[in-house]
Chemist: 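One structure, pasted below without further comment.
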Amino acid sequence: MTGRPLVDWGWVVGHLDDIALATLQHLGIAALAVGAGFAVSFGLALWSVRDRRVYGPITAISGILYTIPSLALFAVLVPFTGLSVVTVEIPLVAYTLLILVRNIVAGFDAVPADVLEAANGMGYTRGQRLLQVELPLAIPLIIAGLRLASVSTIGLVTVGSLIGDAFGGLGVLIKDGIAAFFPTKIYVGAALSVALAFGADIAFIRLQRALTPWARARISGR
Amino acid sequence: MSEPVLPQAGLRFGPPPDAGRDARDNAGPAARDNPRPDAQDNARPDPRPDAQPDARRAATVEFEHVTKVYGPADRRTAEARPPAAVSDLSFVVPAGNICVLVGPSGCGKTTSLKMVNRLIEPTSGRILIDGVDIATEEVTALRRRIGYVIQQVGLFPHLTIGENVAVVPRLLGWSPVRQRERADELLALVGLDPARDRDRYPAVLSGGERQRVGVARALAADPPVMLMDEPFGAVDPIVRDRLQNEFLRLQDELAKTILFVTHDVDEAIKLGDLVAVMAQGGVLAQFGPPEEILASPASDFVARFVGADRGLKRLSLSRVADLELDPVGGRGPGRGPGPDTAGTTAAATPDLPVVEPETTLKDALSILLDAGAEAGLVVDRAGRPLGLVRVETITARMRT
């Protein structure tokens, strides 16, 4: 290894388009997983809020899913879904459920009882109350869940490279780097994956600020 | 917090023509010694013809044998039934009256209140608003025309103060411009500054201000009926007293039918045109104007609940002007000497404490006792003596 630089910048400059493509693919796979996971989790969370009895089983099942290693899950899924993007997305979506369901339920639980009573007493319908009162007030905890889920998903996308070069995003760079004893690819893949995770986190923080102007009033308004 | 500015005139949503008059005429027993003498004048119709397109007059609220039993409703045997939260409650609150439901905790007063906007459904019996059984109405529509104020206020933290006030108008589909105008009008009415507070969030408000916004929000769609569940219970005594006084002044202008829940007898007596004393199990122990409750409690329970000092409490319902005053300086009897006696009286009664005709008898007695005087000089606004008020005259009033 002596004499060789840690990162071969010449290769990086020569393969900017490949790197950009892998990064976009990585982001796309992660976004799809978090988006689908959020949709499923939101439904499960609403069900849990309406009927508390299902909350225990839902968290238990999503907890068990969370403990299954992704490699094992791939092995189980490949016979059914083949070497496809679906095989990659199913574990990624499954891993978001635990975090997202818990946070969304916690968000709805955090809506103060007096606010709900006032909303009922003033004649909100159930749907209006949910969309106009409960959902906005649950946003801080929902977004906290999305931040955790997106960061962990962005890290996990790399294992999708085991299914195929079209499904691993930056993981493909890392895999190739390991196979070819070419550290530059490993460093670039890892660094960009970390950068994506940071970027997603910051984006969600911004989103939360934009959606909850009243939370700032609470801090600065004293 | 600065002293709130109360609106002087030009309310756009006062009761429609004759509503205030109806309210007071129907008041019956509530027409007590008129502690709010300007009520009728303020209830005059707004001269602007377009001022109140959808103003409604205050409504009569009637409980008819209302019972609420929690738990399985299908149990028929008496011994298997859980105790009732509200038992066979019947009373009528005439339009424009404040009826205070008061009693110890667990007496079903809040349950009774929540049955009016159907947050709780009665097990049996009916509640009528202006003769219409509320069970026949669509529940959200019913709630949107009943103002609702709770102790914890329940302001929406994610909406601005102006948006909070305009919640029911928005649910009713008013135009944004009209919602905003209405919110500004009501913020001013409850003593907040629309320009400053409209676009802020509730988190910046003090407890008293929050409760004012809560009242403004309940009034927003000009509901004929208001339900208030211990609205002043969570603020300190000084703020509470001020909110109560503002509330009474507001009611003079608005003449709503108000059902008001409290556990505080003094508050009930101060605010109520009618007081419903409730006992454990949701039984109506006594219903009537406050002076009647104080003067002749219907049972030991009521007597104990209103307190051993009910004689003193009665004094706060009357004012010095209600008494037969003794003449000043040995002149003939009558309600005040001529103006020419002003100078001589002051000289003749140099050490007497001075009270005003509007002073409550309770405060007057306190002033006299503090001063160690047997009598006090009653003077009008201009300082002219009207007569003497004696300790024994006041204490005699306690016993009748």
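A, B, ... follow the sequence lines: proteins, then strands. Residue 1 opens every chain.
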Chemist: So, taking the atom named CD1 in A:I19 and the one named NE2 in A:H26, what distance separates them when rounded to the nearest 0.5 Å?
Modeler: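 Here the interatomic distance stands at 14.0 Å.
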
Chemist: Given a strict heavy-atom distance threshold of 4.5 Å, which part of A:A119 is in contact with chain B: side chain, backbone, both, or neither?
Modeler: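 Both parts, backbone and side chain.
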
Chemist: What part of A:Q128 is in contact with chain B, defined as an atom under 4.5 angstrom from a non-hydrogen atom: side chain, backbone, both or neither?
Modeler: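 The side chain, not the backbone.
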
Chemist: Does either side chain, that of B:T67 or that of B:T123, offer a donor lying less than 3.5 Å from an acceptor on the other one?
Modeler: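 Absent: no donor and acceptor within the cut-off.
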
Chemist: Looking only at heavy atoms, what is the nearest atom pair of B:L250 and B:V190, with distance?
Modeler: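 Closest heavy-atom pair between B:L250 and B:V190: CD1-CG1, 4.4 Å.
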
Chemist: Who among B:L159, B:N117, B:L171 has the most heavy-atom pairs with chain A under 4.5 Å?
Modeler: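 Top count of heavy-atom pairs under 4.5 Å with chain A: B:L171.
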
Chemist: Using non-hydrogen atoms and a 4.5 Å limit, figure out which bit of B:V153 sits close to chain A: side chain, backbone, both or neither.
Modeler: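 Answer is backbone: N, CA, C or O of B:V153 sit under 4.5 Å from chain A.
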
Chemist: State whether B:E185 and B:R182 are salt-bridged, where the test is any N-O pair (Lys NZ or Arg NE/NH1/NH2 against Asp/Glu carboxylate O) under 4.0 Å.
Modeler: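 Looking at B:E185 and B:R182, the cut-off is met.
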
Chemist: May I ask you to decide whether A:D109 forms a salt bridge with A:R52, counting only side-chain N to carboxylate O separations under 4.0 Å?
Modeler: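 Yes.
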
Chemist: If you count heavy-atom pairs under 4.5 Å with chain A, which of B:R144, B:R118, B:K114, B:Q152 comes out on top?
Modeler: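 Top option by heavy-atom pairs under 4.5 Å: B:R144.
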
Chemist: Quick check: closest heavy atoms across B:M278 and B:K109, and the distance to 0.1 Å?
Modeler: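 Distance-wise, the nearest heavy atoms are SD-CA, 3.9 Å.
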
Chemist: With chain A, which of B:L119, B:T140, B:V139 has the greatest number of heavy-atom pairs at distances under 4.5 Å?
Modeler: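 Result: the option with the highest number of such pairs is B:T140.
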
Chemist: Can you say whether B:L142 sits under 4.5 Å from chain A via the side chain, the backbone, both, or neither, judging by heavy atoms?
Modeler: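 Contact with chain A is absent: no heavy atom of B:L142 under 4.5 Å.
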
